[in-house]
Amino acid sequence: MRPARHGLILSLALGLGCLSAAGSAQQQDVAVGSKGELFAVRVGTYGDLFPTAPAAANGHAPGDRVLALDILRPGNSPQRLLVPNWDAPGAPSSASVLVERSTGAVFVVWRAEIDLKPVLYLTSFDGANWSQRIQVLGNPWAAKGAPQIAVTHNTYRDVRANGSPITRNRTIIHMVWAEQDTTSYEAFYRPFIIEDGSYLGWVSAIRLKDLDPSPPVTSAAVSPALAMAPSIQPGRDQRTVVVTFASPESGRVISMEIDALPEELRHSADQARGSMVDIGRKISLSQGTRGFFAAQVRSTVISAAIAFHYQVAQSLADQVASFVAASSTADLATLADQTRDFLLNMGANFAERGLKLEAAQGDPGSSTAPAPSAAQIIEMQPVLDASPSTHAAQLFQFRLASSRPAPVLPATLPATAAGVQLYASRTGADILVAWPTMPDGSSVSYEESTGLGWSELRQLPLGSGIDLQRALGILAQHVRD
């Protein structure tokens, strides 16, 4: 059994959902459940939110700032629950709520200040119990924008200690947020991994701009409001999410598809590498024996890839054997590592369902423009209590879906994230940026891009039953369709 202090009491997301940024025009302090429930998260003092509670209860005094979750079920009286954040340093200043509809799990994320330093927290409610609170770490001194969240779920086959098979259920909470550096804001990503209800630990945050190889654009500066508005949304299927963000450093709007690769792929690659080392100890790795060695490796890969269809395992094994036979590397450990990486990359291509994806949008004619389906596999080691977890590193594939020069937004937009929204198509190839028309807010202005350039400025009028939230929802669905 894993230590209880690391366990999350969760009936977590079977499927995929998205949480919008608090403190922006896309703020989600209210969400609708699958059975018509209405969930609302509130920030206020304990005395105001719970006026009939004792003067000091649940670790709170009347003047303490707390979070409350209001639940309104059809045909029932309203219910107000205290979000258990009494042991979380800092007073909450803003919060957002997400309902994962397939299970009814409610996620609450909030921002707090500790000695003027912003921190982010995450918890969830399964209808009976609250989960362990998770702190989203980052530069403790940097100003942070409100986060956005998406949830994906996958399963994989494992073996118990007694040798019997078992299916593991894994939930991944993907979080993206903007954080201020010395001159502007930049986007960060971090996943939180839960397996069979237990929190495996957090991993280091990734600075997303580092994954874009496109050359910088120097023609125009990125609007600070745009830099503060990274977004995350469902991808092409239940396994992927799409992150879209603007990079002031490169002058680009970038879209990344993030895929948590099957655990079976990592297991197969690790097993193949270990077997290569064992086989290499028994024979001398030379030019004369390399063909025999490659044949042995092929058999090992087929045996290790038992979770894959036989035809897929056979294709992987054939390509790995050809790679080993053609390699000039004489050092066994180096060759084993290179073969593992090769197998992971080939397996990731199969994880794309065999599709040949379109090239990411780059600068035409530039030798440094993104390659077709430019992707990187990053192994992330979970950490618990600032120490490495005993769990194996998790494999995430980051595929550059599009990279284009940022649009020129009105200079009158305030240097905050209020109202500026980024939306992407399911593949991340097409982008739309929207903002309330200044100064009267009578419409929503937007531009969209299906190539390198941007459309002319367009406006969606408000009124006649269409408010700001509905207008943004229409635009989000427009680009996704």
Side-chain angles (χ1 to χ4, degrees), residues 154-168 170 193 195 200 203-204 259-354 371 373-382 388-399:
N154 60 63
T155 61
Y156 70 95
R157 285 178 287 178
D158 198 5
V159 178
R160 294 186 178 94
N162 62 7
S164 61
I166 185 174
T167 297
R168 303 285 187 189
R170 178 170 292 170
I193 306 166
E195 184 174 283
L200 301 191
V203 300
S204 298
D259 187 355
L261 293 177
E263 178 66 8
E264 294 92 340
L265 178 58
R266 182 201 59 79
H267 177 76
S268 299
D270 287 345
Q271 188 174 339
R273 184 199 179 281
S275 296
M276 285 184 66
V277 174
D278 290 339
I279 296 171
R281 292 193 183 106
K282 301 172 185 176
I283 63 174
S284 175
L285 186 60
S286 64
Q287 207 58 37
T289 61
R290 193 171 291 269
F292 174 77
F293 182 67
Q296 295 296 306
V297 172
R298 181 186 182 279
S299 298
T300 296
V301 172
I302 290 179
S303 299
I306 58 174
F308 296 86
H309 289 292
Y310 178 74
Q311 293 86 347
V312 174
Q314 191 172 41
S315 177
L316 286 172
D318 289 343
Q319 294 182 69
V320 168
S322 297
F323 174 81
V324 172
S327 174
S328 59
T329 304
D331 181 73
L332 176 62
T334 300
L335 179 59
D337 288 339
Q338 292 174 347
T339 304
R340 178 183 184 271
D341 292 342
F342 180 82
L343 180 54
L344 288 177
N345 280 282
M346 291 304 304
N349 290 336
F350 282 106
E352 294 288 357
R353 279 68 77 194
S373 283
Q376 300 180 52
I377 296 176
I378 298 179
E379 297 189 56
M380 300 184 177
Q381 177 65 53
S389 168
T390 57
H391 299 280
Q394 309 300 304
L395 296 175
F396 287 81
Q397 179 174 256
F398 294 78
R399 184 182 67 83

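Here the closest non-hydrogen pair linking S327 and Q338 is OG-OE1, 4.2 Å. Across A313 and V301, no two heavy atoms sit closer than the pair O-CG1, 4.5 Å. Contact record, L316 with G347: CD2-N, 3.9 Å, taken as the closest heavy-atom pair. Taking all atoms of both residues into account, the shortest heavy-atom contact from T167 to R157 is OG1-CG, 4.4 Å. In plain terms, the two heavy atoms of R266 and L395 that are nearest each other are CB-CD1, 3.4 Å. When every heavy atom of Q271 is checked against every heavy atom of T300, the shortest pair comes out as O-CG2, 4.5 Å.
A donor-acceptor pair shorter than 3.5 Å can be found between the side chains of Q319 and S315. When only modelled atom types and interatomic distance are considered, D331 and T329 share no side-chain donor-acceptor pair under 3.5 Å.
Under a 3.5 Å cut-off, the side chain of S268 and the backbone N or O of E264 do form a donor-acceptor pair.
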Verdict with reasoning, I377 to F396, per side chain to side chain contact (heavy atoms under 4.5 Å, CB included): CA-CA 6 Å; I377 296 176; F396 287 81; over 6 Å; no
Full working for side chain to side chain contact (heavy atoms under 4.5 Å, CB included) between F293 and L332: CA-CA 11 Å; F293 182 67; L332 176 62; 3.9 Å; yes
Audit row: V324, R298, side chain to side chain contact (heavy atoms under 4.5 Å, CB included) steps and yes/no: CA-CA 9 Å; V324 172; R298 181 186 182 279; over 6 Å; no
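Checked for salt-bridge contact, R170 and E263 meet the test: a charged N lies under 4.0 Å from a carboxylate O. Salt bridge R340/E379: present, at least one basic N to carboxylate O contact under 4.0 Å.
You'll find the side chain of F398 stays beyond 4.5 Å of the side chain of D259, heavy atoms only. Within the 4.5 Å cutoff, side-chain heavy atoms of T339 are placed close to those of M276. Using a 4.5 Å heavy-atom threshold, the side chains of Y156 and I166 count as separate.
Screening residues 313-348 for ring-ring contact (aromatic ring centres under 6.0 Å, His included) gives F323-F342 as the qualifying pairs, with residues at least two apart or on separate chains.
Between the CG atom of D278 and the CZ atom of R273 there is a distance of 10.0 Å, given to the nearest 0.5 Å. With rounding to the nearest 0.5 angstrom, the CG atom of N345 is 8.0 Å from the CD atom of Q397. A distance of 6.0 Å separates CG in L265 from CG in L343, rounded to the nearest 0.5 Å.
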